[in-house]
Amino acid sequence: MSLKQIHESGQAFRWIALSEDEYIAIHEDKWVRVKQEKDHLNFKHASKRELSKVWTAYFDLDRDYSSIRKSYRGLDGYLDEAMDYGEGIRILKQDLLEIIITFIISANNHIPRIKMSIEKISRFAGRRLGEVEGKEILAFPTLEALTRIGDEQWAQVKLGYREAYIRKSLQAIKNKEVDLKKLEKMNTLDAKKELMKLSGVGDKVADCILLYGMGRMDTFPVDVWMKRVMNRHYNVPEDESIRMIRQKGMEVFGETAGIAQQYLFYYERMKGR
DNA sequence: GCCCAGGTACGTC
DNA sequence: GACGTACATGGG
């Protein structure tokens, strides 16, 4: 497990990097300072209770990634390379509302700008949780706090046309048109349909929400990077539709396709840098 | 100035 | 259902 790789793999936008090996992760109103020490993690000042109640689920510590990697080994050369390169990757299980907002913002946007937007939203409405080395630690805002953000502040976040998507979606969640609690009990396909009722949530964003906010590994988000991977390494013609590419990904990589996707995405984005 | 970014909504066909 | 297009914003 590698904190550095998880940090670079484009799923957590609000980690605070203290160094290459030490980060602050934030989940709801909890935060933890984690340091990589060779092959194990040091969760500084985290109580045993919090470790088992919060961070085990967040870091997906109960899943046996090595056996998943073993099951993929030899399937194809490219995934082998990607798994070697990103051996320490895990899929984080992050706060559902935060992930919904984050990935609505992600659509047709640059990663640094996505980070900036989320940071601003947290600054406007997130609770202050503490401070480490002069860096303020903010919670991602609650649903109530988000719906209290005013027009002027939203405008300052510079979300462009995504602002309306988010504000509509917040209302839909607030009045239970889309009930996030019920979502957890649904199978992946039903949950996806439900999520896609939210404004700004299409196929790809829904897949990301399922994968990063609900721990559903049986998803295969296809963005421009994954399209590139599938075109170049999986015999998918350039003009193939995203829909068909997703379907192929699910067929090839199966129940843990989301994890395979993360190895491939990370490898594609990092190599050549 | 032009191109692009972890795509989606909306109107046609 | 599949396809084309507009869409805010800012960095390269």
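Every chain is numbered from 1 and lettered A, B, ... according to where its sequence line falls, protein lines coming before strand lines.
Relative to the six-membered ring of A:Y65, A:R90 meets both conditions, a distance below 6.0 Å and an angle of at most 45° to the axis.
As judged by a 4.0 angstrom heavy-atom cut-off over every strand, A:I105 is placed among residues making no nucleic acid contact. Here A:G200 lies in heavy-atom contact (under 4.0 Å) with sugar-phosphate atoms only. Among the heavy atoms of the strands lying under 4.0 Å from A:S199 are primed sugar atoms or P, OP1, OP2 only; no base atom is included. Looking at heavy-atom distances under 4.0 Å, A:S117 makes no contact with the nucleic acid at all. Among the protein residues, A:V201 comes within range of the sugar-phosphate backbone only, with heavy atoms under 4.0 Å from sugar or phosphate atoms but none that close to a base. Within the 4.0 angstrom heavy-atom criterion, base atoms lie near A:Y212.
Distance CZ (A:R162) to P (C:dC7): 14 Å, rounded to an integer number of Å. Between A:F220 atom CZ and B:dG6 atom P there is a gap of 17 Å when expressed in whole angstrom units. If you take CG of A:D223 and C1' of B:dC4, they are 13 Å apart, rounded to a whole angstrom. Atom CD1 of A:I242 and atom C1' of C:dA2 are 14 Å apart (whole Å). Between A:M116 atom CE and C:dG11 atom P there is a gap of 8 Å when expressed in whole angstrom units. Computed from coordinates, the A:H110 NE2 to C:dT9 C1' distance equals 9 Å when rounded to whole Å. Atom P of nucleotide B:dT8 and atom CD1 of A:I166 are separated by 13 Å, given to the nearest angstrom. The interatomic distance linking A:I104 (CD1) with C:dC7 (C1') rounds to 16 Å, in whole Å.
Salt bridge present: A:E98 and A:R14 bring a charged side-chain N and a carboxylate O closer than 4.0 Å. Under the 4.0 Å criterion applied to side-chain N and carboxylate O atoms, A:R73 and A:D80 are assigned as salt-bridge partners. Under 4.0 Å is where a charged nitrogen must lie from a carboxylate oxygen, and between A:E184 and A:K181 no such pair does.
For A:Y165 against B:dG7, no side-chain N or O and base N or O form a donor-acceptor pair under 3.5 Å. On a pure distance criterion of 3.5 Å, a polar donor-acceptor pair joins the side chain of A:Q261 and the base of B:dG6.
Minimum atom distance to the side chain of A:R243 is reached by C:dA2, of the listed C:dG10, C:dA2, B:dG7. Comparing B:dG6, C:dA8, C:dT9 against the side chain of A:K158 picks out C:dT9 as the nearest. Closest approach to the A:F265 side chain among B:dG6, B:dA9, B:dA5 is made by B:dG6 (side chain taken as heavy atoms from C-beta onward). Picking from C:dT9, B:dA5, B:dG6 the nucleotide with the shortest atom distance to the side chain of A:R113 gives C:dT9.
With both ends at atom C1', the span from B:dT8 to C:dG11 equals 22 Å, rounded to whole Å. B:dG6 and C:dT5: their P atoms are spaced 23 Å apart (whole Å). For the P atoms, the distance from B:dG11 to C:dA8 is 15 Å, rounded to whole Å.
Contact detail for A:M1 and A:I6: the closest heavy-atom pair is CE-CD1, 3.8 Å.
Note that CD of A:E22 and NZ of A:K35 are 5.0 Å apart. Values are rounded to the nearest 0.5 Å.
Nearest-nucleotide positions on DNA chain B for A:P112 and A:M196 put A:P112 closer to the 5' end.
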